[in-house]
Undergrad: 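Pasting a structure below so you can have a look.
Note that the structure is a prediction, hence the values are computed from the model and not measured.
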Amino acid sequence: LLDFDSTSLWVAGKDFPKGKLVSDRLGKNEKTKVIAKLQNAETGPPAREPIVNEGERKAMMAHYFKKQEELKKLAEADDDDYLNSAWADTKEMKKSLQGIQSIKA
């Protein structure tokens, strides 16, 4: 348990002075949600909570890793291998009309 004299109230990384109302600092909007932490006054501000939780972080890392692997595969497949195929031959129509498709040099 925390002692009243050695406890401080922290909201948004700021210490609330004793004797002041929270509404003096945050306003009187009833729909405002505030997460406050009680901390021993000598220890300073509490540690910040991470913006992204562990599960979301793992999902994001998996997504980016998968995307990076796809980009690597696309970069490797960006060469001109298709130019050696039959459909890319510019003289294919001439060979088919003359009937010399199966002759290879």
Undergrad: Considering only NZ, NE, NH1 and NH2 on the basic side and carboxylate oxygens on the acidic side, decide whether K67 and E70 come within less than 4.0 Å.
TA: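 Here K67 does not pair with E70 in a salt bridge, since their nearest N and O are not under 4.0 Å apart.
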Undergrad: How many angstroms lie between atom CZ of R48 and atom NZ of K37, to the nearest 0.5 angstrom?
TA: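 Output value for this atom pair is 10.0 Å.
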Undergrad: Determine, stepwise, if the pair L38 / L9 fulfils side chain to side chain contact (heavy atoms under 4.5 Å, CB included).
TA: CA-CA 5 Å; L38 292 174; L9 179 69; 3.8 Å; yes
Undergrad: What heavy-atom pair brings V11 and F16 nearest, and what distance separates the two atoms?
TA: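 Closest approach of V11 to F16: CB-CE1, 3.3 Å.
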Undergrad: Please check if the number of heavy atoms outside I51 that lie under 6.0 Å from its CD1 is greater than 12.
TA: no
Undergrad: Is the number of heavy atoms from other residues, nucleotides or ligands within 6.0 Å of NZ (K58) greater than 12?
TA: no
Undergrad: In sequence, state the C-alpha distance, the side-chain angles, and the governing distance for K72 and E69, and then conclude on salt bridge (charged side-chain N to carboxylate O under 4.0 Å, His left out).
TA: CA-CA 5 Å; K72 282 182 185 177; E69 291 297 317; 3.8 Å; yes
Undergrad: Should R57 and E54 count as an ion pair when the cut-off is N to O under 4.0 Å?
TA: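 Salt bridge flag = yes for E54 with R57.
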Undergrad: Looking only at heavy atoms, which two atoms of P46 and Q39 are closest? And how far apart?
TA: CB-OE1, 3.6 Å
Undergrad: Quick one: closest heavy-atom pair of S8 and D15, and the distance?
TA: CB-OD1, 3.3 Å
Undergrad: For the pair K18 (side chain) and D5 (backbone), establish whether a donor and an acceptor sit closer than 3.5 Å, ignoring hydrogens and angles.
TA: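 Present.
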Undergrad: Can you name the nearest heavy-atom pair linking R25 to P17, along with the distance?
TA: NH2-CD, 3.7 Å
Undergrad: Tell me whether L26 shares a hydrophobic cluster with I35, the cluster being built from Ile, Leu, Val, Met, Phe, Trp, Tyr side chains joined at under 4.5 Å.
TA: no
